[in-house]
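Presented below is the structure to which this report refers.
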Amino acid sequence: MVIQAHHHSHVINYNIQKTLASLLIAIVGCSLGFVCFLFKRLRGQHYLLPALIFSATAASMHYLGMAAIINAGDWYVSNTKIILSLIAIFITSLVMLRLTHLMLVITNKNDIYANFYRLSATLTLCCGVAIMHFLGSCDINMGSIPMSSMPKDDYVENTIAMTLIVLVALVFLLAIFIWFVNFKEHLSNELLKRELIKKNLQLKQMTQHDSLTQLPNRLYLQKHLNTLFTNQTDLLFIMFIDLDGFKRVNDVWGHAVGDELLVKISQTLKENISREGFVARIGGDEFIVVVCQKDKQVVIQLAKKLLARIADTYELSATSVDFISASIGISIYPEHGNDVATLLKKADVAMYYIKNRGKNSITFYDEIEMTLPS
Ligand SMILES: Nc1nc2c(ncn2[C@@H]2O[C@H](COP(=O)(O)OP(=O)(O)OP(=O)(O)O)[C@@H](O)[C@H]2O)c(=O)[nH]1
């Protein structure tokens, strides 16, 4: 179009193959650049590759288009100007992509900022293409080549051919635009879907975990135990751990310090259980440890280790605490029951049995020694 706008003393003709090739490159390159940009956008802000594709496309289109002019006369462009034109189109492509990204992340597309970014992105790309065009063709001298010296089939009459080419290009661009609008819709749906999945996961984490210690809560424990019951071949040991003397920490140093201690004890339990079992917090200073083991002695050793670790000294922000211990009652699946409520109740009864006999110890549930509350 710009070449057409020049005032020439003669008719300019174009090599049809080269002209079509430059249009094809423009269409394919722009589509590829946008697809690459939009897919990258899903993963992060990477503009480099799409900007390279856009600038390579614009440069190929421009220089191939120039080469398609049959009677261009002397045409020479210095290396410096070629390099400058490439830098200009690359930088403007980067800026255009950044502005497009800013526009796309605004949810309300009629927002004044969204319109500002949309307009700025368009103008930036127009400026980039214009700069590249003028830098890349300012030294051209439209000479006149006598028509009679050209093979007849090698060129087409300027006006009709160019009109046809521009019309075909417009149809292609319209198709790409419609595809792009649909794709944007698909993209925002995809982003919304991801956001929804993330929020659902957060919600699940919140409903199934204790907010203070981030340990699984009673709900999660119940689900976990039910899953274990269906898949379990070994014995399952359910340890009911209740801290001894915890209330004193709250009473003397306040709830914040008590919270701090609970977090530390949770970490201690997690570290000492690691992959041997599962730890949950089901109440104030009550924890459950589930261990899948064939050997009862191993479980006794583990429970003793937990007692020793819990009785460690804790360095807290306000004080150090060295008087905490724990009472641990243990029930066994399937010996003591095969549902969560019964097994937790029996482990709880065993734990109270210890509490009433001096605390800081472990015991298994015993049908004869202990009585279940009715
Ligand atoms: N800081 C803090 N305290 C809590 C939380 N939940 C419950 N508590 C407190 O924990 C205490 C638990 O009571 P107890 O188990 O009777 O206290 P204890 O001193 O360990 O008593 P024994 O088990 O008989 O040794 C209560 O004072 C509750 O208010 C919590 O999330 N944070």
Side-chain angles (χ1 to χ4, degrees), residues 202-225 237-273 277-291 299-300 302-331 336 340-341 343-366 369-373:
Q202 281 172 353
L203 207 66
K204 196 170 165 198
Q205 165 81 11
M206 276 163 69
T207 53
Q208 301 197 350
H209 288 79
D210 162 42
S211 58
L212 176 67
T213 62
Q214 301 309 319
L215 283 178
N217 61 14
R218 187 183 282 270
L219 185 70
Y220 192 153
L221 172 74
Q222 274 169 343
K223 276 192 182 176
H224 182 72
L225 279 174
F237 292 85
I238 291 131
M239 299 186 192
F240 199 119
I241 305 174
D242 187 288
L243 303 180
D244 307 323
F246 175 71
K247 193 170 174 295
R248 194 174 136 202
V249 180
N250 275 343
D251 293 346
V252 178
W253 293 282
H255 265 249
V257 178
D259 283 352
E260 221 183 304
L261 180 60
L262 285 173
V263 172
K264 291 227 168 182
I265 291 176
S266 306
Q267 281 161 357
T268 302
L269 290 175
K270 265 197 292 191
E271 280 161 21
N272 284 280
I273 296 297
F278 172 90
V279 191
R281 179 181 178 220
I282 59 162
D285 62 350
E286 295 170 345
F287 299 87
I288 297 287
V289 169
V290 180
V291 186
V299 179
I300 295 172
L302 179 64
K304 283 184 176 165
K305 184 170 97 175
L306 292 181
L307 274 193
R309 292 284 74 82
I310 290 171
D312 278 347
T313 301
Y314 298 93
E315 297 302 332
L316 305 176
S317 54
T319 183
S320 67
V321 171
D322 61 359
F323 53 83
I324 294 293
S325 61
S327 302
I328 305 182
I330 310 172
S331 62
H336 298 139
V340 179
L343 287 159
L344 284 182
K345 179 92 279 193
K346 290 187 173 173
D348 189 20
V349 167
M351 184 276 291
Y352 269 106
Y353 185 85
I354 292 291
K355 281 268 181 214
N356 297 329
R357 282 164 180 75
K359 306 181 179 178
N360 192 23
S361 185
I362 60 167
T363 191
F364 285 86
Y365 176 74
D366 187 315
E369 286 269 334
M370 303 167 195
T371 40
L372 275 178

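Basis for what follows: all heavy atoms, side chains included, without hydrogens, waters or symmetry-related copies. Just follow the structure's listing: the first ligand is 1, and inside any ligand the first atom is 1.
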Between side-chain atoms of residues 347-355 and protein atoms elsewhere (two or more places apart, or another chain), which donor-acceptor pairs fall under 3.5 Å?
from	atom 1	to	atom 2	distance (Å)
Tyr353	OH	Glu369	OE1	2.3
Lys355	NZ	Asp242	OD1	2.8
Lys355	NZ	Leu243	O	2.9
Lys355	NZ	Asp244	OD1	2.5

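- Judged as a salt bridge (charged side-chain N to carboxylate O under 4.0 Å, His left out), the pairs with a partner in residues 277-291 (not counting sequence neighbours) are, in order, Asp210-Arg281.
- Taking a cutoff of 4.0 Å between a charged side-chain nitrogen and a carboxylate oxygen, Arg309 and Asp312 qualify as a salt bridge.
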Could you list each nitrogen or oxygen of ligand 1 that sits under 3.5 Å from a protein nitrogen or oxygen, with the atom names and the distance?
from	atom 1	to	atom 2	distance (Å)
ligand 1	1 (N)	Asn250	OD1	2.9
ligand 1	1 (N)	His255	O	3.1
ligand 1	1 (N)	Asp259	N	3.4
ligand 1	1 (N)	Asp259	OD1	3.0
ligand 1	3 (N)	Asn250	ND2	2.8
ligand 1	15 (O)	Asp285	OD1	3.3
ligand 1	15 (O)	Asp285	OD2	3.0
ligand 1	19 (O)	Phe246	N	3.1
ligand 1	19 (O)	Lys247	N	2.8
ligand 1	20 (O)	Leu243	O	3.0
ligand 1	20 (O)	Gly245	N	3.4
ligand 1	20 (O)	Phe246	N	3.1
ligand 1	20 (O)	Asp285	OD2	2.9
ligand 1	23 (O)	Asp242	OD1	3.1
ligand 1	23 (O)	Leu243	O	3.2
ligand 1	23 (O)	Lys355	NZ	2.7
ligand 1	24 (O)	Lys359	NZ	3.3
ligand 1	25 (O)	Gly245	N	2.9
ligand 1	25 (O)	Lys359	NZ	3.0
ligand 1	31 (O)	Arg281	NH2	3.0
ligand 1	32 (N)	Asp259	OD1	2.6

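- For the pair Val340 and Ile238, the minimum side-chain heavy-atom distance is 4.5 Å or more.
- Two residues are said to be in side-chain contact when any heavy atoms from C-beta on lie closer than 4.5 Å; Leu306 and Ile241 meet this criterion.
- For residues 253-272, the side-chain hydrogen bond (donor to acceptor under 3.5 Å, both in side chains) pairs, not counting sequence neighbours, are Glu260-Ser317.
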